[in-house]
Amino acid sequence: MASSGYANTATRMLGEQKHAYDPLAPVGIESLRRAESLLVRMPHIGLTEHAEASMLLLAYTFTSNITSCTALWEQLLQVSRLKLRVLKRRDRQKKRLIARLYSDSGAVARFNRMNAPDVELYRLATSLFCARWQKATRDGRSCVRGTGSTDKL
């Protein structure tokens, strides 16, 4: 299949240590297991769709007190907001394309079948992110504390 190089890019990078779009690096169950093992050991996991919360969790992960956590988060936000403004312009086009894609249930099913390892890896990443967020909200030294549960994300 000509498009196989575009499938399972995250699993290919983590599980095979190959370029995301390398069509010569096949992805199988062993790739997924290696990728999961690496993902669990990563000190930080961010989710693109929750960029600000991900940056707050990043600041929490790599600082030792509320003051330094808050300072780092503010720096990350300053840098990212510039980039986010540019991305939001592109986002409108992307949302229209995604809406069209999701209206075709056959295309969604084909995408999910073709990217089953990445879908599974994403589920794990989301679960790990939520667990780490919950832990951070309960930590007394955390700048995440008091920001709420992941239900609000």
Qualifying residues under side-chain contact (heavy atoms from CB on, under 4.5 Å), relative to [X], sequence neighbours excluded:
X    : result
L124 : E36, L39, V40, L128
A25  : R12, K18, D22
S37  : R41
A107 : L101, D104, R110

Are [X] and [Y] packed together at the side-chain level, in the sense that at least one heavy-atom pair is separated by less than 4.5 angstrom?
X    : Y    : result
L38  : M13  : no
Q75  : V79  : no
V144 : D139 : no

Check against side chain to side chain contact (heavy atoms under 4.5 Å, CB included), L32 and L121: CA-CA 7 Å; L32 175 60; L121 192 61; 4.1 Å; yes
Common cluster, [X]/[Y], ILVMFWY with side-chain heavy-atom separation under 4.5 Å:
X   : Y    : answer
L56 : F62  : yes
L14 : Y6   : no
I45 : V119 : no

Mind checking what makes side-chain hydrogen bond (donor to acceptor under 3.5 Å, both in side chains) contact with [X], not counting sequence neighbours?
X    : value
N65  : S68
D118 : T11
E49  : Y122
S54  : none

Relative to the ring of H19, is the ring of Y21 parallel (under 30°), tilted (30 to 60°) or perpendicular (over 60°)? tilted
Show me the pairs that pass salt bridge (Lys or Arg N to Asp or Glu O under 4.0 Å) and involve residues 123-137, at least two apart or across chains. E120-R123
Could you name each residue pair satisfying disulfide (SG to SG under 2.5 Å) that touches residues 10-55, not counting sequence neighbours? none
Disulfide (SG to SG under 2.5 Å): which pairs involve residues 10-45, sequence neighbours left out? none
Let me confirm one number: the OG1-OH distance from T70 to Y60, rounded to the nearest 0.5 Å. 13.0 Å
So SG of C130 and NE2 of H50: to nearest 0.5 Å the spacing works out to 7.0 Å
Taking all atoms of both residues into account, what is the closest heavy-atom pair of [X] and [Y], and its distance?
X   : Y    : result
T61 : P43  : CG2-O, 3.3 Å
M55 : L77  : CE-CD2, 4.0 Å
A59 : L72  : CA-CD2, 3.7 Å
G46 : F129 : CA-CD1, 4.3 Å

